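In the text below, chain A, chain B and the rest are named by the order of the sequence lines, each starting its count at 1. Quantities reported herein were computed from a predicted structural model and do not represent experimental measurements.
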2 protein chains.
Amino acid sequence: MTSIEKVAELAGVSTATVSRALAGKPTVAAATRARVLEAAQELGYVVSASASSLASGKTRNVGVVMPFLNRWFFGSVLKGAHRTLADAGYDLTLYHLDSEREGGATEPGDPRRTRLFEEFLQRKRVDALIAVSLEMNDAELESLRRIGKPLVGLGGPLSGVPTLSIDDVAVAKLATEHLVSLGHTRIAHVSGTSTYARDFHLPAHRREGYETALREANITADPRLVRSADFTIAGGYAVTRQLLGDPEVRATAIFAASDEMAFGAMIAARDVGRRVPEDLSVIGIDGHELCEFFGLTTIDQFPEIQGERAASTLLRELEPHTQHHAPENVSLPYELAVRKSTAVAASPA
Amino acid sequence: MTSIEKVAELAGVSTATVSRALAGKPTVAAATRARVLEAAQELGYVVSASASSLASGKTRNVGVVMPFLNRWFFGSVLKGAHRTLADAGYDLTLYHLDSEREGGATEPGDPRRTRLFEEFLQRKRVDALIAVSLEMNDAELESLRRIGKPLVGLGGPLSGVPTLSIDDVAVAKLATEHLVSLGHTRIAHVSGTSTYARDFHLPAHRREGYETALREANITADPRLVRSADFTIAGGYAVTRQLLGDPEVRATAIFAASDEMAFGAMIAARDVGRRVPEDLSVIGIDGHELCEFFGLTTIDQFPEIQGERAASTLLRELEPHTQHHAPENVSLPYELAVRKSTAVAASPA
DNA sequence: ACGACTAATGTAAGCGTTTGCGGTGGATTC
DNA sequence: GAATCCACCGCAAACGCTTACATTAGTCGT
């Protein structure tokens, strides 16, 4: 085992100096530091994480809790978070709070779920936590608070937790306005649902933005135009089939609360013989990588950047001195990306 | 801070006994153990990971290295691995070895990539490593070996590393045989490519299985029927457009090396007016969640189970005594799932 | 030339567990 | 009833670092 002592010996200094040199402390002479670095390099020495943590109280590790692991959006957030953490020398340990129905640790009360909060997150393995789109109850929130580490939420409904989120109302309004500006008046909205109905306000916000845009354009909202699905392609498809199958609806445009649902909508439209965008315009939200492929107009919300932001927010708190090239700005960016799925409304047939 | 001493005090025993009781060691009287557990519960005590690691040399943490974070397959593997690790009380720390072209740490020599191998993975934060679909050079492999921890590869071309992998040749053969059994003779193959051309033998294996199946069916292979894409929907789409646009090809079926490419193929077919499966049969590999939606026939390779297997293999090595309900079997399961995208070949037009 | 600083380094006391070793007392054996 | 054994538990020494504090050697001002 190559410990810090070996390095000290080889460099001809004390272990304290090695520690300081390797940690980049300013109180080490340049020449000494160089010698230490060289010795460490030669021995292939790397500080032991656990020893360092125990002594310093810092783990250089950040936890990320996520409800989904195999969805593009969440993977992208993870990617962004990992990149900025790694660049700062931090590790990322991942906690999956499974939110799928069957067998998943969905409901509070599920043993796996309890164990996550009561055991895994309490063992001081991380310096801080990122909670992505998490819905939890008060006991869980309390147990998060008990770990006494910086915590930032991303897009979730965590009451009392500093949370980064796009302005869902504004985003939805922008999307709807895009359709309005193209002359559409029969605009349907494929809204989202949560796995369990708690106060997951994202769908509500987006619906609010949709309705606001309509109101401002003096278009009367028609409840038959609004349907909910589960954020997936299949969900968007099914709902759109309903929408297009109902002779009373007569929608010329669809605003879906996620890109995946929008893809489903596009496919559904095609399956019933409606051309996109000639007969039906479709717009989504997310900036999914497949938008390019499907030609879907969307509001890009840059999920990777969201992950970066969450991470750099925490880093700034953990290392107040260091310069992180992270923007101070808390509001998350979004951007209308116009592609081929939206066009001027056809004159009423 | 509630340390082990507080618990010892409350339970009226020494810290040694608390440690043993909490660790489930057999040399603790049942009554004592109960008292300790109760005391720990009451104080909300959880063993400090770093102190425990330092003292015991075990971190109860496994590292997972992946080239992609936002692709369904990799997310699913991650999900499976996380579940079995968590059930065994292990944490999972994630390392992203970015394999996308632009800006990613693709090429060996990239500083981020080097740092991962030389620094992050060396700091003894994990007891073992899972390397998923990783391509690396000798220096990198050597540095992995230097960390001296159990290591298992999943589906990657890691020479000299115990690797779990489906039998790609057999899988491809099975897929092709399915098409053959439906009477197809002009069977195209959409093969995969790697980001950088190293010895990533998965595409080669699958092509080999394809060719073997043809040979055994006395169908002469036609090189014009084989094209490569990058495992994505867009890639599969583009290649299929070529295939169907070439009058010399006359394919009635396509075997794609991944489900995503198969989706692309289905969409391409529809875009050029070919009906699936009436005019063109399509089969993929993976068991992607969207297969159901698209009605794609595929060979399911159960990625979540692959993650589970990789994890339980390591757990067995880390805890030889414990009973893990993991199968001894090293060969990974796969299964033909027939849906609506494959049908009997139309009689030649 | 001498005291007062400052910069650089060393000394050693933790950090919170785990675990080898040894001790104690009750049960078992002859 | 002595000898032996065993089940259970406590003592205290690591584990490999970090860091407050002490120490040393220059530097500077006067």
ask   = Between CG of A/Leu22 and CG of A/Leu37, what distance do you get to the nearest 0.5 Å?
value = 6.0 Å

remark   = Of the candidates C/dT9, D/dC8, D/dC17, the side chain of A/Thr27 sits closest to C/dT9

key: side-chain N/O B/Thr32 vs D/dC9 OP1/OP2, d < 4.0 Å   = yes

remark   = Looking only at C/dT9, C/dG10, D/dG10, the nucleotide nearest the A/Ser14 side chain is C/dG10

query = Considering all heavy atoms of both residues, which atom of A/Val13 and which atom of A/Arg35 are nearest to each other, and what is their separation?
reply = CG1-NH1, 4.2 Å

request  = Would you tell me if any nitrogen or oxygen in the side chain of B/Thr17 comes within less than 4.0 Å of OP1 or OP2 on D/dG10?
outcome  = yes

request  = Please state how far atom CD in A/Glu5 lies from atom P in D/dA14, giving the value in whole angstrom units.
outcome  = 13 Å

message = Is the phosphate of D/dT18 approached by A/Ser19 (side-chain N or O, under 4.0 Å from OP1 or OP2)?
response = yes

request  = Please tell me which of A/Ser53 and B/Val28 maps to the more 5' nucleotide of DNA chain D, matching each residue to the nucleotide holding its nearest heavy atom.
outcome  = B/Val28

key: B/Gln122 CD to D/dC17 C1', straight-line distance once rounded to whole Å   = 18 Å

ask   = In whole Å, what is the span from the CD1 atom of B/Ile4 to the C1' atom of C/dT19?
value = 12 Å

task = Quick one: stems involving DNA chain C, counted as three or more successive Watson-Crick or G-U pairs, both distances short of 3.5 Å.
result = C:1-30 with D:1-30

query = What integer distance in Å separates B/Glu9:CD from D/dG10:C1'?
reply = 16 Å

request  = Give a yes/no on whether any side-chain N or O of B/Ser52 is located under 4.0 angstrom from OP1 or OP2 of C/dT18.
outcome  = yes

key: 5' precedence on DNA chain D between A/Ala16 and B/Arg33 (nearest-nucleotide basis)   = B/Arg33

message = Does D/dG16 have OP1 or OP2 under 4.0 Å away from a side-chain N or O of A/Ser48?
response = no

query = B/Ser56 has a side chain; which of D/dC9, C/dT19, C/dC15 sits nearest to it?
reply = C/dT19

request  = Look at all strands and tell whether A/Ala29 reaches a base, only sugar-phosphate, or nothing, counting heavy atoms closer than 4.0 Å.
outcome  = sugar-phosphate

key: Ring-face cation of A/Arg71 near A/Phe73 (centre distance under 6.0 Å, axis angle within 45°)   = no

query = If each of B/Arg20 and B/Ala55 is mapped to the nucleotide of DNA chain C with the nearest heavy atom, which maps nearer the 5' terminus, i.e. the 5' end?
reply = B/Ala55

Test item: B/Leu129 and B/Leu144 side chains (from C-beta on) under 4.5 Å apart, heavy atoms = yes

query = Between atom CZ in A/Arg60 and atom P in D/dT18, what is the gap in whole Å?
reply = 11 Å

task = May I ask you to decide if the ring planes of B/Phe74 and B/Phe68 are parallel, tilted or perpendicular, using 30° and 60° as cut-offs?
result = tilted

request  = May I have the distance from A/Leu54 (atom CG) to D/dC17 (atom P), rounded to whole angstrom?
outcome  = 12 Å

remark   = Taking every heavy atom of B/Thr84 against every heavy atom of B/Ser312, the minimum-distance pair comes out as OG1-N, 4.0 Å

query = What's the NZ-P distance between B/Lys58 and C/dT18, to the nearest Å?
reply = 12 Å

ask   = From D/dC11, D/dT19, D/dG16, pick the nucleotide closest to the side chain of A/Ala51?
value = D/dG16

query = Do B/Arg83 and A/Asp98 sit within salt-bridge range, that is, some charged N less than 4.0 Å from a carboxylate O?
reply = no

key: Interatomic distance where NZ belongs to B/Lys6 and P belongs to C/dC15 [whole Å]   = 12 Å

task = Please check the phosphate of D/dT19 (OP1 and OP2 only) for any side-chain N or O of A/Lys25 closer than 4.0 Å.
result = yes

query = How about B/Asn61 and B/Thr93: does a side-chain donor come under 3.5 Å of a side-chain acceptor?
reply = no

